[in-house]
Protein chains: 2
Amino acid sequence: MTTEEIRNKLTDRGLKVTPQRMAILEAIYNLKNHPTAENIIDYIKKMYPNIATGTVYKVLGVLVENRLIKKVTTEKDAMRYDGVMESHHHIYCQETELIKDYFDEELDELLQKYFEKKSLPGFKIEDIILQIKGTFQKQY
Amino acid sequence: MTTEEIRNKLTDRGLKVTPQRMAILEAIYNLKNHPTAENIIDYIKKMYPNIATGTVYKVLGVLVENRLIKKVTTEKDAMRYDGVMESHHHIYCQETELIKDYFDEELDELLQKYFEKKSLPGFKIEDIILQIKGTFQKQY
DNA sequence: ACTTATATGAGAATAATTCTTATTTAAGAA
DNA sequence: TTCTTAAATAAGAATTATTCTCATATAAGT
Ligand SMILES: [Mn+2]
Ligand SMILES: [Mn+2]
Ligand SMILES: [Zn+2]
Ligand SMILES: [Zn+2]
């Protein structure tokens, strides 16, 4: 993801391009494993030590509203963020904080067809995300 | 769910039976829509005004550890709890806080078979929960 | 360059949860 | 039925995650 591409994501949504917004998007794309706000703040402060905590939360909210990033829910108190906007699911390791992306078009089609048939009465489905919970096998 | 049944759930796990634990389980079973800790506290305080907030959080943690209840993740800051331990999925209304249970054995079998075939290398799946996001149609 | 609506920084405030410690109590043993 | 004691609770302080307020700074259009 180049600087220009990041800039375009902002302008495409009619958002002002600020160094803070650029830095936050860049952080999300570079930090793997679905960073928390705190992860993002730590990362950005290396290059840009004056960024305000409140600004990061504000910007994250704006980016979510504008569908440039997504929230990832967990059983921990801190929200996590995801810069991958293509449809995908999440593999949660119960022993660590690791959340791996899981892409599977075949599964997505299967689910889409399944819920076309068995549509939920009175509910318009916008998105289906699998939370796949378990543990990674330790390798000796 | 009778008082005796609730009591047995605790003793079956080797947990001491306390009025607080009984009240918290009863609250979760009676409150619908996946209550927050605050919902549970408000409910219990009607009958039992001296219960301490910290006790409720402590007990909720114990009940989760002992698999008598589950956490339900959301994009909001407050954790929500679920007393329904049978396998099921969640329908999230994007416009309200409503989280509806969705039971579907056919779907569960479909998923189980799917992931038997396409097993995730190095990962032991313990549970798969669908987060079905969308909106309930308003009826006029 | 000028203007202005919007974004940011700083720090206070709030909300959700956890921690600490003295006291109480459930449940098994005597 | 007491007695014992490890575990649970109440109360309130502390911590963590997030939001809010408001004065200043700045992006972007004119
Ligand atoms: Mn959450
Ligand atoms: Mn919180
Ligand atoms: Zn992801
Ligand atoms: Zn449920």
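Proteins come first, then strands; the chains are lettered A, B, ... in the order of their sequence lines, and each starts at number 1.
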Query raised in the report: Between the two end axes of the helix from dA1(C)-dT30(D) to dA30(C)-dT1(D), each built from 5 base pairs, what angle do you get to the nearest 10°?
Result: 40°
Please tabulate the protein-to-nucleotide N/O contacts below 3.5 Å involving nucleotides 26-30 of chain D, giving atom names and distances.
residue : atom : partner  : partner atom : Å
dA27(D) : O3'  : Val17(A) : O            : 3.4
dA28(D) : OP1  : Val17(A) : N            : 2.6

Dump every N/O contact between nucleotides 11-16 of chain D and the protein below 3.5 Å, one line per pair.
residue : atom : partner  : partner atom : Å
dA11(D) : OP2  : Asn50(B) : O            : 3.4

**Report entry** Under the side chain to side chain contact (heavy atoms under 4.5 Å, CB included) test, residues paired with Glu38(A) that sit two or more places apart
**Finding:** Thr36(A), Asp42(A)
Requested in this report: Under the side chain to side chain contact (heavy atoms under 4.5 Å, CB included) rule, collect the residues that match up with Leu110(A), sequence neighbours excluded.
Outcome: Leu107(A), Leu110(B), Tyr114(B)
Query raised in the report: Side-chain N or O of Tyr57(A) less than 4.0 angstrom from OP1 or OP2 on dT19(D)?
Result: no
Query raised in the report: Just checking Val59(B): base, sugar-phosphate only, or nothing, at a heavy-atom cut-off of under 4.0 Å?
Result: sugar-phosphate
Among residues at least two apart in sequence or on other chains, which ones pass salt bridge (charged side-chain N to carboxylate O under 4.0 Å, His left out) with [X]?
X	result
Glu105(A)	none
Lys133(B)	Glu75(B)
Asp82(A)	none
Glu126(A)	none

**Report entry** Gap separating the CD1 atom of Ile40(B) from the CG atom of Leu25(B), nearest 0.5 angstrom
**Finding:** 9.5 Å
**Report entry** N/O donor-acceptor pair under 3.5 Å between Lys32(A) side chain and Tyr29(A) backbone
**Finding:** yes
Query raised in the report: Quick check: does any side chain N or O of Asn33(A) sit under 3.5 Å from a backbone N or O of Lys100(A), one acting as donor and the other as acceptor?
Result: no
Could you state the [atom1]-[atom2] distance from [X] to [N], rounded to the nearest angstrom?
X	N	atom1	atom2	result
Lys76(A)	dT18(D)	NZ	P	13 Å
Asn66(B)	dA8(D)	CG	C1'	14 Å
Glu65(A)	dT19(D)	CD	P	11 Å
Ile24(A)	dT18(D)	CD1	C1'	14 Å
Lys58(A)	dT19(D)	NZ	P	11 Å
Met22(B)	dA8(D)	CE	P	16 Å
Asn39(A)	dT18(D)	CG	C1'	15 Å

Query - Members besides Val84(B) in its Ile/Leu/Val/Met/Phe/Trp/Tyr cluster (side-chain heavy atoms under 4.5 Å) - result: Phe103(B)
Query - First-last contacting nucleotides on DNA chain C - partner chain B, under 4.0 angstrom, heavy atom - result: dA16(C) to dA27(C)
**Report entry** Enclosure of Lys124(A) NZ (heavy-atom neighbours >12, cutoff 6.0 Å)
**Finding:** no
Query raised in the report: So do the side chains of Leu10(A) and Asn66(A) get within less than 4.5 Å of each other, counting heavy atoms only?
Result: no
Query raised in the report: salt bridge (charged side-chain N to carboxylate O under 4.0 Å, His left out): which pairs involve residues 3-25 of chain B, sequence neighbours left out?
Result: Glu4(B)-Arg7(B)
Query - Polar side chain donor-acceptor pair, Asn39(A) to His34(A), under 3.5 angstrom - result: no
